[in-house]
Amino acid sequence: MAVNFESYKNIVAELNGKKVTLVAVSKTKSAEEILSLYDMGQRDFGENYVQELVEKYDQLPKDIRWHFIGHLQSNKVKLIAPFVYLVHSVDSEKLLKEINKQGEKNNRVVDCLLQVHIAKEETKFGFDEKELDTFFKETLSRNDKGLYKNIRIVGLMGMASFTDDRNLVRNEFQFLNSLFTKNSTFSILDSQFTILSMGMSSDYELAIEEGANMVRIGSLLFGKREPKK
Ligand SMILES: *Cc1c(COP(=O)(O)O)cnc(C)c1O
């Protein structure tokens with residue numbers, strides 16, 4: 001077991017001082033490893049794969065707040081809708097509609113972040129700026145008709161380019177923060193639009209400098225991951 005307790009303690013101390021929420025990214029890690037951080041007080045954990053998340057949810061304490069941070073297929077929403085705490089990775093309206101539907105079935109409101117494509121890489125999912133603008137203007141202005149009664153859109157999430165170019169990463173975070181600020185003024189969202197989820201092990205300090213109030217950290221806490229088969 002390679003959980004790095006020293007690193008965990010240091011990061012928690014650093015983030016507490018800055019009022020930034022730590023999501024411990026536990027994908028591919030065992031229930032025992034998660035429990036060892038749980039025993040130190042960690043409650044927010046992030047997972048990428050639906051099946052894995054469901055298994056861990058069944059095995060682990062029920063006061064864990066499970067964050068879904070990976071690409072989510074519409075047909076799998078029903079598996080996590082009963083318990084997921086926050087979906088970071090909403091990348092289409094179709095998905096949003098499905099989350100709303102499953103929220104309704106489970107008689108709960110599911111909190112969501114819209115994922116924004118800020119990186120240079122083609123492979124990263126998410127809305128671009130124009131799609132986000134259209135979404136906020138058109139979709140949310142229809143919200144009074146009860147279109148999305150079982151979700152709340154509480155902020156934005158993004159992933160910077162995978163690169164050593166710190167300036168590029170900083171610019172991407174700045175860009176996401178500007179979209180966050182711009183869209184948080186939509187009155188329909190009230191004060192709910194409060195979460196800016198950006199930054200991982202390699203770039204969370206930069207992300208916080210650029211306004212992140214939630215970071216998703218895996219390998220600094222749990223050690224390197226085995227590549228997924
Ligand atoms: C895996 C993952 C992380 C954590 O990555 P680390 O580099 O291990 O900190 C954060 N966010 C998302 C969306 C991820 O898939």
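In this chain, numbering begins with 1 at the start of the sequence shown. Atoms within each ligand, like the ligands themselves, are counted from 1 in listed order.
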Report task. Among all protein heavy atoms, pick out the one at the shortest distance from atom 7 (O) of ligand 1; state its residue, atom name and that distance to 0.1 Å. Result -> S219 OG, 3.5 Å

Requested in this report: Would you check whether G218 has a nitrogen or oxygen atom less than 3.5 angstrom from a nitrogen or oxygen atom of ligand 1?
Outcome: yes

Query - Closest protein heavy atom (residue, atom, distance) for atom 11 (N) of ligand 1 - result: R216 NE, 2.9 Å

Requested in this report: Answer yes or no: is there a side-chain heavy-atom contact under 4.5 Å between S7 and L220?
Outcome: yes

Query - For D63, salt bridge (Lys or Arg N to Asp or Glu O under 4.0 Å) partners two or more places apart - result: R43

Query raised in the report: What are the atoms of ligand 1, with element, lying closer than 4.0 Å to any heavy atom of I217?
Result: 9 (O)

Query raised in the report: Tell me, which protein residue and heavy-atom name are nearest atom 9 (O) of ligand 1, and how many Å apart are they?
Result: S201 OG, 2.5 Å

Using residues 78-88 as the side-chain source, report each donor-acceptor pair under 3.5 Å to any protein atom, sequence neighbours left out, with the distance given to one decimal.
from : atom 1 : to   : atom 2 : distance (Å)
K78  : NZ     : N75  : O      : 2.9
H88  : ND1    : S197 : OG     : 3.0
H88  : NE2    : H67  : ND1    : 2.9

Requested in this report: Using a strict 4.0 Å threshold on nitrogen-to-oxygen distance, state whether K27 and E52 make a salt bridge.
Outcome: no

Report task. Give yes if a backbone or side-chain nitrogen or oxygen of S202 is under 3.5 Å from a nitrogen or oxygen of ligand 1, and no if not. Result -> no

Report task. Quick one: look up the protein heavy atom nearest atom 5 (O) of ligand 1 and list residue, atom name and how far away it is. Result -> M200 CE, 3.6 Å

**Report entry** F125 and H71 aromatic ring geometry - parallel, tilted or perpendicular at 30°/60° bounds
**Finding:** parallel

Query - is_close_aromatic(F175, F180), centroid dist under 6.0 Å - result: no

Report summary line: Atoms of ligand 1 under 4.0 Å from any heavy atom of M159, numbered from 1 in the order shown, are 13 (C)

Requested in this report: Before accepting this row, confirm whether a basic side-chain N of the pair K182/E129 lies closer than 4.0 Å to the acidic partner's carboxylate O.
Outcome: yes

Query raised in the report: With a 4.0 Å cut-off, would you call K101 and E104 a salt bridge?
Result: no

Query raised in the report: Which atoms of ligand 1 sit under 4.0 Å from any heavy atom of K27?
Result: 1 (C), 2 (C), 3 (C), 14 (C), 15 (O)

Query raised in the report: For atom 12 (C) of ligand 1, which candidate among I69, D203, L221 provides the closest heavy atom?
Result: I69

Report summary line: Counting from 1 in the order shown, the ligand 1 atoms closer than 4.0 Å to a non-hydrogen atom of N48 are 15 (O)

